[in-house]
Amino acid sequence: MQSLSLYSMAEVESSPAPSGRGKFVDPHWTLCLPLLALTAIFFAAPENRLIAAMASSTVYTLMQWLVPQCRLRRDAVLSPQNLATLLFLAKLVVVPMLVMLVGPTVGVLPSLPTHDSIEWALLIATVAYIAFCYGLSFVSARALDPGSRPLLNALSQIPSRNTVLVFAALGLTGFALIFGSPAGFMEYFLNPPEVKLNQSTEATWAEFLAIILRPFLAVALVAMWSRHVDGAAGHHSHAKKVAVGILAAVVILAANLTFAFNRAAFVFPLISMAAVYSARVKRISPWTMLLTAAMALPLLISIGTYRAATPRDTEVFTNSDALQASLAKASDNFQVYSAAPQFTGYFYEKTGWGDHLLGGSSLIASALSPIPILGKSFRETNGPAIFNRAIYGSLGFEDQIIPYEAELFVNFHAAGVAAGFFGLGLLLGGMQRWLDYASSTFGAFAIQYAGIWGATLTVWSVSIYSQILFYFFGPFYVFIALQWARKWLRSLNRQHTALRHAHGAGR
């Protein structure tokens, strides 16, 4: 396999990290946030007013001034760090205003929690944000960890043409196992499935292998594109990089839609490709990204509607109240997916506000539960199971996602929330350092992809991240293992050669 010139450890330690001057967005824009929260409190119905929203919006603003590392990065608009920061903006500022002005969505809750519970839930989320910011700050003050050298060196290799072909063959094998033929593949899109294909709790071994192998196709396309980015040269190199990138993005979109039309499954790889392109090929302006996101939003909403479409759903959008119904539904979805405080507040009430702490047992269960066979015994005691049991009152329902801070709280109370989100800050800050030093496009994509899923812990659960790392990152594990094996074999070969020379010289 080809490889780029790698950083030696001395070079990594002696080379200054990219300059912080001018790479962060000026925080003056946050000064309006407390005013907006105060305005929402003034206009809200008395029963919906959240005084804690003033605290959460003010803290968000203060942390942007006190800890520069938690500001939005201008030089890496699509970075995992930026995504986490924006998700916190949604949780601490936007969602509370929606709750006050539009009203709290009930979702699947039997009833809303008390007003005080919603207030306290918002304050717990605020503690999480403070800890996250200081985690980012702690990483930026330290040198790059020497222990990361083997992993960075492995990811710095340019995938060979054979790697692309083998990965593509493995991915196509996975599609053949699950769909059988191109006609079966097309039927999947014509008739939205009722059962998500990426759930393997009762899958056959063939279905399990299909789930494991299908991500190899998307990674093969990323590897093909990264070879062009790192190796293409000449007058037409930029056009070639763009053309290959668009081709890869289209195929990845189609391939990853087969994971039950899950939007994150195909959006996150495409965001990761765009982030790497912007960092390594040609910078994409923030305005272009916003315009693209605005254009893609209706498509993403329609995909979510299509996968669960019914005749009744169609009728809802044909009446005269379509606009108002759409806006209300958008508010409901935003509150649900952003872990609005009424959901965590309800959970805190049902679990006695930490009266019986779990001591980390549900976190371990959440991390292990997605693993086949091994994880089966953990699925009734993991975080999602506890969360859904609190909502529905019985087992058998797993459709609601427990937010990371709620699971930390039920295990270790507020101290666990602070420690867990400090750790999340360390994780995303460390990945950002790796991205700054990544010396191959393929490696940068792998780090970005892992980081962007990690950023979702601001609103989603440990079990989701564990599931993604198990089912979607197999190709990267194989690639890293191959690099380490090749390095070990080369080292072994050098040792044998040296021994032969020494033996020959001794005769």
Side-chain angles (χ1 to χ4, degrees), residues 52 55-56 59-60 63 67 70 84-85 87-88 91-92 113-114 116-139 338-371 375 377-391 398 400-431 453-469:
S56 62
V59 167
Y60 189 91
M63 296 307 294
V67 185
C70 69
T85 301
L87 288 173
F88 271 117
K91 285 183 67 170
L92 302 183
T114 65
D116 286 346
S117 293
I118 298 176
E119 297 261 23
W120 279 107
L122 185 54
L123 292 177
I124 290 171
T126 305
V127 170
Y129 177 65
I130 295 171
F132 172 77
C133 288
Y134 281 111
L136 290 177
S137 176
F138 185 81
V139 170
S338 299
Q342 65 266 29
F343 298 105
T344 48
Y346 183 87
F347 179 68
Y348 296 146
E349 280 187 358
K350 287 296 183 180
T351 53
W353 287 95
D355 284 345
H356 303 286
L357 298 178
L358 302 179
S361 61
S362 82
L363 287 166
I364 296 172
S366 293
L368 295 178
S369 59
I371 302 174
S377 60
F378 294 99
R379 287 172 193 150
E380 292 186 2
T381 58
N382 65 7
I386 295 170
F387 190 68
N388 282 274
R389 193 181 307 133
I391 294 174
E398 297 182 2
Q400 301 304 304
I401 300 170
I402 182 172
Y404 184 41
E405 80 252 25
E407 189 164 8
L408 288 169
F409 187 90
V410 79
N411 278 274
F412 301 109
H413 217 274
V417 175
F421 276 85
F422 184 84
L424 181 60
L426 294 179
L427 174 68
L428 297 189
M431 286 184 172
W453 276 109
T456 63
L457 285 173
T458 53
V459 290
W460 292 348
S461 71
V462 172
S463 60
I464 289 182
Y465 197 31
S466 175
Q467 183 180 38
I468 295 301
L469 291 177

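Below, each value reflects all heavy atoms present in this structure, side chains not excepted, and no hydrogens, waters or symmetry copies. This is a predicted model, so every value here is computed, not measured.
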Exercise. Do the ring centers of Tyr60 and Tyr129 come within less than 6.0 Å of each other?
Worked result: yes

Problem set entry | Spacing of CG belonging to Leu408 relative to CG belonging to Leu363, to within rounding of 0.5 Å | 5.5 Å

Problem set entry | Polar side-chain atom of Arg389 near backbone of Glu380 as donor-acceptor pair, under 3.5 Å | yes

Distance-only check: which donor-acceptor pairs under 3.5 Å involve side-chain atoms of residues 411-422, not counting sequence neighbours?
| residue | atom | partner | partner atom | Å |
| --- | --- | --- | --- | --- |
| Asn411 | OD1 | Gly360 | N | 2.8 |
| Asn411 | OD1 | Ser361 | N | 3.3 |
| Asn411 | ND2 | Ser362 | OG | 2.7 |
| Asn411 | ND2 | Glu407 | O | 2.7 |
| His413 | NE2 | Trp353 | O | 3.4 |

Exercise. What is the distance from atom CZ of Phe347 to atom CG of Asn388, rounded to the nearest 0.5 Å?
Worked result: 10.0 Å

Problem set entry | Derivation of the side chain to side chain contact (heavy atoms under 4.5 Å, CB included) call for Trp453 and Trp460 | CA-CA 10 Å; Trp453 276 109; Trp460 292 348; 3.9 Å; yes

Problem set entry | Matching residue for Asn382 among Ser366, Ser463, Ser466, Ser369 - test: side-chain hydrogen bond (donor to acceptor under 3.5 Å, both in side chains) | Ser369

Seminar exercise, completed: Interatomic distance, OG@Ser338 vs CG@Leu92, rounded to 0.5 Å, equals 10.5 Å

Exercise. Are the side chain of Glu349 and the backbone N or O of Thr114 linked by a donor-acceptor pair below 3.5 Å?
Worked result: yes

Exercise. Are any non-hydrogen side-chain atoms of Leu358 and Ile386 less than 4.5 angstrom apart?
Worked result: yes

Exercise. Would a distance-only check, ignoring hydrogens and angles, find a side-chain to backbone donor-acceptor pair under 3.5 Å from Glu119 to Ala52?
Worked result: yes

Problem set entry | Candidates Ile402, Ile401, Leu457, Leu469 - the one meeting side-chain contact (heavy atoms from CB on, under 4.5 Å) with Ile464 | Ile401

Problem set entry | Phe88 and Phe132: CA distance, side-chain angles, deciding distance, side chain to side chain contact (heavy atoms under 4.5 Å, CB included) verdict | CA-CA 10 Å; Phe88 271 117; Phe132 172 77; 3.7 Å; yes

For this session: Would you please test Leu136 and Val67 for side chain to side chain contact (heavy atoms under 4.5 Å, CB included) and show each step?
Result: CA-CA 9 Å; Leu136 290 177; Val67 185; 5.7 Å; no

Exercise. Rounded to the nearest 0.5 Å, how far apart are NZ of Lys350 and OG of Ser117?
Worked result: 11.0 Å

For this session: Give the minimum heavy-atom separation between Gly454 and Leu428, together with the two atoms involved.
Result: C-CD2, 4.1 Å

Exercise. Where do Thr126 and Ser56 come nearest, in terms of heavy atoms and distance?
Worked result: OG1-CB, 3.4 Å

For this session: Measure the spacing between SG of Cys70 and CD1 of Ile130 and express it to the nearest 0.5 Å.
Result: 10.5 Å

Problem set entry | Close side-chain approach of Tyr348 to Ile124, heavy-atom, < 4.5 Å | yes

For this session: For the residue pair Gln342 and Pro113, establish whether any side-chain heavy-atom pair is separated by less than 4.5 Å.
Result: yes

Seminar exercise, completed: What one should report as the nearest heavy-atom pair of Gly345 and Ala121 is N-CB, 3.7 Å

Exercise. In Å and rounded to the nearest 0.5 Å, what is the CD1 to CG distance from Ile118 to Leu123?
Worked result: 12.0 Å

Exercise. Do Lys91 side-chain atoms and Thr458 backbone N/O form a donor-acceptor pair below 3.5 Å?
Worked result: yes

Problem set entry | Criterion side chain to side chain contact (heavy atoms under 4.5 Å, CB included) on Val462 and Tyr465, from CA distance to verdict | CA-CA 5 Å; Val462 172; Tyr465 197 31; 5.7 Å; no

For this session: Please tell me if the side chains of Leu427 and Leu424 come closer than 4.5 Å, counting only heavy atoms from C-beta onward.
Result: yes

